[in-house]
Amino acid sequence: MEKKLNNLLKSAIEEIEQVNDLDELEKIRIKYLGKKGQLTLILREMGNLSAELRPIIGQKANEVRFEIEQSLADVKKKLERKEMEEKIKSETIDITERRKVTSLGHKHPLLQTIKELEDLFISMGFNVVTGPEIETVENNFDMLNSPENHPSRDLSDTFYINDKILLRTHTSPVQIRAMKKYNAPLKIISAGRTFRFDDVDDTHSPMFHQLEGLVVDENISMANLKYTLDIFIKELFGSDMKTRYRPHYFPFTEPSAEVDVTCIECRGEGCPRCNFTGWSMELLGCGMVHPKVLENCGIDSEKYTGFAFGMGVDRITMVKYGIKDIRLLFDNDNRFLEQF
Amino acid sequence: MFLPIKWLKNYVDIKLPTKEIADGLTYSGSHVESIKKLNNGISNVVVGKIIKVKAHPNADKLKICTVDVSDEILTIVTGADNVREGDLVPVAKVGAKLPDGKEITEADFRGEKSYGMLCSLKELGYEDNVIPKEAKDGIFIIDDNVNIGENIVDVLSLDDEIIEFEITPNRPDCLSIYGMARETSATFNLELKKINVEIINQVDDISNLITGIDIKTNNCHRYYAKVIKDVNIKPSPLWLQTALMNAGIRPINNIVDVTNYVMLELGEPLHAFDASKIEGNKIIVRQANDLEELVTLDGVKRELKQDDIVIADIKKPIGLAGIMGGLNTEITSSTKLVLIEGANFEAKNIRLSSKRLGLRTEASTRFEKGVDESLCSFAVERACQLIEMIGAGKIINGSYDIIKNKNPQTIISLRPNRIEKLLGVKIPENEILNYLNRLEFEAKLEGDKINVKVPTFRKDVSVEADLIEEVGRLFGFHNIKPLPLYGNLTRGSRPKDKEIQNYIKDIFWGIGFNEAMTYSFLSPKVFDKLNLPQDHVLRNCVRLMNPLGEDYSVMRTSLIPNMLDLLNKNNNRGIERAMIYEIGNIFVPNSIPDSLPDEMMRICLGIYGDKDFYFMKDAIETLLERLGIKDVKFSRENESPIFHPGKSARILKDGRILGVFGEVHPEVLKNYNFDNRVYIGDLDFNGIFENINMDWKYTDLPKYPSIDRDIAIVVDEDVAVGDIEEIIYANGEGLIESIDLFDIYRGNQIDNGKKSLAFSIRYRSNDRTLKDEDIIQIQKRILNKLEERFHAKLRG
């Protein structure tokens, strides 16, 4: 009987090792270990054995069963792995192929820049305010201390609706409105469309964009102005950027300054873009609010001082993205818009 | 403003390199545009004397010159015909380099060897507009005492450098070399040398020649005149000519050159008249008469208006005041008697006249910004000194000086603590006084205040803050240490409507729209392209008084025209599809006179290419959904001529129109030659903004399973799906969770003019598991109602 068991084990192992798929393997399991399987049949004959032999053969039979089960499990694992490998192989695709199925839009680079600038100043505690694009001559010029005889008031510089109403030439009238409405203290920025009588070319447009800021409080100084703008420039263009404050003239600030910033292209080394000066010129204008402007808005210019700054967002956008022609910003070519 | 460094050094003893001068002046407020070297690579060009000129044996137009250049005698062939024996000329020797990059070599001109080249001013790098007329065609003849063999760079001061400044309009005092010398002296703390004006010999008396000056207008503040007789008109000496040319002005003759030199030096524009042509020997300054005419020095006949100021004699205008002289009193080669005018005019008049006549001159650009009245006499005296010095005439004793309006002396009280408050830095009082005195302000400390007398040339300084800027700029803005803002902590924010606009942009971004930005202007012609009737509301627009052209002449009343334009442009550029939106203001005239127009924010969507009506509808519904705007209804838009009446809709919320969208009317597209289907949405931002409800609240997730039932019905073609769905919902006993139209069939299997609609209805209860029995009755009633309302038949 022991011999029988040994033969059975031998033939079972041989068969198992030749199997190629899981179905066949199951058939072999049934053939040897099933209810009517060969091992079961042998075990039924155990009743005929003597009491001494029975435990020996019994143990032997269990060993045989164990070995067959072990072998079945090993082969099953192997076959399953193989099957999975084949499945994965058959499902492999060309990952270099591109199918355009998602659709995300693109935001306009200039409007996106305005939003980023606003966010930056909001993080510094500024409030965003807005005002109309068509303004009064009073808010746009008179209240801002612009001299009666200033060329910017000419028909050849400013678009007029009539002699009292115009298209705002800067966002400064929003500051006037805010000062009149909220008085001091005040910490605001305002961005938007502005208009000047300029023919269209690669650096001029009759419509452009400004962003201006204003802080009015007790003890606001030029030193605060520099601190605020320095932070802003570093956030916008990088922490290695330097600023240069040059005295300048604006009717609504005194003292006034223009701010040059390290050339973005060459980072100050000097390149054709910056005329080998290392500076991007006139990126911002700023100054301490003229006492007359404060008084015009009903703010006590002895108690309060303030600083104001303004920048051309079109120019900043162009510098930031390397756009050389302002017309592209208003042309709305889909291929342009999809670059940002 | 050009500043030649050598000229500057006449008044300030500055030894720094030009770059450092430029940087220093930049930091003290004079904006440097460029630094230009006059010598663009000239080498080995010297003064030569022509010893002999003979004709070329083989060429009529060439001459052979024998030229002494001190260390050798050269034979040079030239094509110029203005060379004479004895002339001094610039000689480029063999090996010389010229500004245009040319290198001189030995050459052979038709068998004659040439060892160099005689040069014109142009060949030495001068621009046409500064070369004297007589030197224009031909070799530059050096009419002065210079040494043979001397380097031409030294002779013409070509080793000089020029700083070009952009002077701000408030600083006309800087539009002169002396003014910039003052800035230089203040910036670098160097002494400013005074110009000593002294005329050695004066003859006769002015009253014998000119009987008087009569100012008949309030716009001439001062008129100072002197007269010169026995004038000998000829070219100026070389130093004067080169000074002018290097500063960008063309030499004319000795008298005119002196007036120009003094204008550059001091900033006071002078004018020289041929006094023998002044009829009645009298100068009258008056407003012009309308239609009066004057031929100016440039030969152009000018039609004058009453706002122009003229210099006249008793019969006629002889000059356009502050802008340009008259041709009738021009200094000519035969002029013997000259009147030099140093006057001061109202800036506004000069500016407007110059602008109207399109005539901008060195004089007008100075006068229109305001010139210091005190300069009139000084500048005329200085000119006379120079005229005497160069021997151009005899100065007549006496002068006329009519002062009509005198500027009051400005005295400002300056508080040192106010400087600290405004600049954020403490500057010691003695330093403040020093800065101000360097700028020629008379500053004195009295108690805790500094009393400051403002010099007459600084009309821009009128309040304390102006003085603080003066102190600040000499201290250096770059030397102010940045200090953080302190005080109450503030929270920055955006107004709610702007936040929502940004959110809307995010939604469009997610859907796949690109953001556009177009001009606020329109051409009124676009309304015709949109087929709008003449009385259409969109034609009522705000008009510009002075547009750039018709295309930009009105403010937009709708975003649609610009959207159509830009889509069309993209389509024409071969871009197959586009999905674009713009958020922007439209402008509507206000009925109250002189009040501002209404500005209203609109949202415009535009699509062409592979999308359709339902995509646009879904985009808009998605937008409204994400903004929490519920119960929106759609009705046919059949009033707007812009849209296809069968494929457009109004968006309604509680009866208010939130917008319109749909396919653009084929007639309109024809007007644009647009060969594609186009879908536009035009939404009212305020309507949307006021209906937003983004107060999202959680509702329990479903606990019980749903049951799906499909029904397919056949209805007439014109029955709207929306109406059917409304009936289904209304009869669902509140158990219908959703309806999905999953198939529309038209074809042989059903009658013509009918369509089959297949809906999948999902039922769910929130308090029990639904059973078939719950649904059967509902389905039956729905079908009954649909048959009742729309004659719908269940499709077998």
Side-chain angles (χ1 to χ4, degrees), chain A residues 103-108 110-111 115 118 121-128 130 132-134 136 149 151 155 159-162 164-165 187 193 197 199 206-207 215 217 219 221-224 226-228 230 244-249 254-255 257 288 290-291 305 329-330 332-335 337-338, chain B residues 26-29 31 168 170 347-348 421-425 463 465-466 468-469 472-473 477-478 480-485 487 490-495 498 502 505 508-520 542 544-546 548 552 566 570 573 575 578 580 585 587 594 596-597 599:
Chain A
S103 67
L104 209 52
H106 300 266
K107 292 184 185 176
H108 194 284
L110 185 139
L111 298 171
K115 182 173 179 288
E118 283 178 354
F121 282 107
I122 288 172
S123 77
M124 290 194 255
F126 284 76
N127 287 300
V128 176
T130 57
E133 292 167 22
I134 300 185
T136 60
N149 183 31
L155 281 167
F159 293 112
Y160 283 88
I161 306 299
N162 58 43
K164 292 196 181 80
I165 296 173
K187 199 173 173 189
R193 295 181 173 210
F197 198 96
D199 271 315
M207 184 183 100
V215 176
D217 205 343
N219 298 314
S221 74
M222 194 104 183
N224 302 137
K226 284 185 72 177
Y227 183 88
T228 307
D230 282 357
R244 180 170 82 167
Y245 293 77
R246 284 184 289 102
H248 195 68
Y249 166 69
E254 192 75 37
M288 302 304 296
H290 198 291
T305 49
L329 296 176
F330 306 100
N332 300 303
D333 190 301
N334 214 36
R335 297 163 297 189
L337 297 176
E338 293 195 340
Chain B
T26 295
Y27 279 118
S28 69
H31 182 28
T168 53
N170 62 325
K348 187 177 178 185
K421 187 165 175 169
L422 222 53
L423 298 182
V425 64
V463 297
D466 296 326
I468 294 173
E469 174 167 80
R473 71 188 182 93
F477 290 169
H478 56 293
I480 297 174
K481 196 172 155 262
L483 291 174
L485 289 166
T490 56
R491 172 187 170 274
S493 71
R494 232 186 219 103
K498 284 207 84 176
N502 285 336
K505 290 179 182 191
F508 287 146
W509 181 58
I511 296 175
F513 281 92
N514 296 338
E515 184 176 25
M517 183 175 55
T518 68
Y519 281 153
S520 304
V542 178
L544 296 186
M545 223 165 90
N546 55 330
L548 270 179
Y552 305 101
L566 82 89
N570 274 286
R573 289 176 186 174
I575 295 159
I580 309 264
N585 277 335
F587 305 86
D594 284 342
L596 294 178
E599 296 183 18

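Within every chain, numbering begins at 1; the chains are lettered A, B, ... in the order of the sequence lines, protein sequences first and strands thereafter.
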message: Can you tell me which portion of A:K115 sits under 4.5 Å from chain B's heavy atoms? Options are side chain, backbone, both or neither.
response: both
- prompt: Checking A:E254 side chain against B:E469 main chain: does a donor-acceptor pair fall under 3.5 Å?
  reply: no
Min side-chain heavy-atom separation B:N514-A:E338 under 4.5 Å: yes
Distance, nearest 0.5 Å, that separates CG of A:N332 from CD1 of B:I580: 6.5 Å
- request: Name the region of A:K164, side chain, backbone, both or neither, that has any atom closer than 4.5 Å to a heavy atom of chain B.
  value: side chain
message: If I take atom NZ from residue A:K107 and atom NZ from residue B:K505, how far apart are they, to the nearest 0.5 angstrom?
response: 7.5 Å
query: Just by modelled atom types, is the A:H108 backbone N or O under 3.5 Å from a matching donor or acceptor in the B:E515 side chain?
result: yes
query: Below 4.5 Å, heavy atoms only, C-beta onward: do A:Y227 and B:L485 meet side chain to side chain?
result: no
- prompt: Rounded to the nearest 0.5 Å, how far does CG of A:L337 lie from CG of B:L566?
  reply: 8.5 Å
query: Does A:E133 use its side chain to pair, donor to acceptor, with the backbone of B:N585 at less than 3.5 Å?
result: no
- prompt: Would a 4.5 Å heavy-atom cut-off, applied to side chains only, mark A:S221 and B:L423 as touching?
  reply: no
- line: Ranked by heavy-atom pairs below 4.5 Å to chain A, first place among B:A347, B:G472, B:G512, B:P597 goes to B:G512
message: So for A:R246, is it side chain, backbone, both, or neither that comes closer than 4.5 Å to the heavy atoms of chain B?
response: both
- prompt: Does any heavy atom of chain B fall under 4.5 Å from the side chain of A:T305, the backbone, both, or neither of them?
  reply: side chain
field: Residues A:M222, B:L422; criterion side chain to side chain contact (heavy atoms under 4.5 Å, CB included); working and verdict
entry: CA-CA 6 Å; A:M222 194 104 183; B:L422 222 53; over 6 Å; no
- line: Honestly, the part of B:N570 sitting under 4.5 Å from a heavy atom of chain A is side chain
message: Quick check on A:L111 against chain B: is it the side chain, the backbone, both or neither that has a heavy atom closer than 4.5 Å?
response: side chain
message: Less than 4.5 Å to any heavy atom of chain B: does that hold for the side chain of A:D230, its backbone, both, or neither?
response: side chain
- line: Checked B:G510, B:P484, B:A465 vs chain A; the most non-hydrogen pairs under 4.5 Å come from B:P484
task: Apply side chain to side chain contact (heavy atoms under 4.5 Å, CB included) to B:I480 and A:Y245, showing your working.
output: CA-CA 10 Å; B:I480 297 174; A:Y245 293 77; over 6 Å; no
message: Is A:I161 in contact with chain B via its backbone, its side chain, both, or neither, using a 4.5 Å heavy-atom distance?
response: both
task: Indicate yes or no for a side-chain donor-acceptor contact from A:S103 to the backbone of B:I511 under 3.5 Å, with no hydrogens or angles considered.
output: yes
- prompt: Quick one: does B:I575's side chain get under 4.5 Å of A:D333's, heavy atoms only?
  reply: yes
Portion of A:S123 that has a non-hydrogen atom of chain B nearer than 4.5 angstrom: neither
query: So, do A:M288 and B:K421 sit near enough that their side-chain heavy atoms are less than 4.5 Å apart?
result: no
message: Just so I understand: if I count every heavy-atom pair under 4.5 Å between each of A:P291, A:G125, A:A257, A:A223 and chain B, which residue has the most?
response: A:A223
field: Segment of A:P132 engaging chain B (4.5 angstrom heavy-atom cut-off)
entry: both
- line: In terms of heavy-atom pairs under 4.5 Å with chain A, the winner among B:M545, B:R494, B:H478, B:K348 is B:R494
field: Top contributor to chain B contacts, counting heavy-atom pairs under 4.5 Å, from A:L110, A:I122, A:D217, A:T136
entry: A:I122
- line: When rounded to the nearest 0.5 Å, the distance separating CG of A:D199 from OH of B:Y552 is 8.5 Å
query: If you measure from OH on A:Y160 to CG on B:N546, what distance do you get to the nearest 0.5 Å?
result: 8.0 Å
task: Taking the side chain as every heavy atom from C-beta outward, state whether A:E118 and B:K498 have any pair of such atoms under 4.5 Å apart.
output: yes
task: Between chain A and each of B:V542, B:T168, B:N502, B:D466, count heavy-atom pairs under 4.5 Å; write down the option with the most.
output: B:D466
message: So for B:F513, is it side chain, backbone, both, or neither that comes closer than 4.5 Å to the heavy atoms of chain A?
response: backbone
task: Considering only heavy atoms and a distance below 4.5 Å, find which of B:I468, B:T26, B:V425, B:L548 pairs most often with chain A.
output: B:L548
- request: Find out whether B:T518 and A:F330 are in side-chain contact, i.e. whether some heavy atom of one side chain is under 4.5 Å from a heavy atom of the other.
  value: no
message: Quick check for you: to the nearest 0.5 Å, what is the distance between B:L483 atom CG and A:K226 atom NZ?
response: 10.0 Å
message: Are the side chains of B:R473 and A:P255 in contact, using a 4.5 Å heavy-atom criterion?
response: no
task: Against chain A, label B:V463 side chain, backbone, both or neither, depending on which of its atoms sit under 4.5 Å from a heavy atom there.
output: side chain
task: Determine the option with the most heavy-atom pairs under 4.5 angstrom with chain A, choosing from B:S493, B:A516, B:A578.
output: B:S493
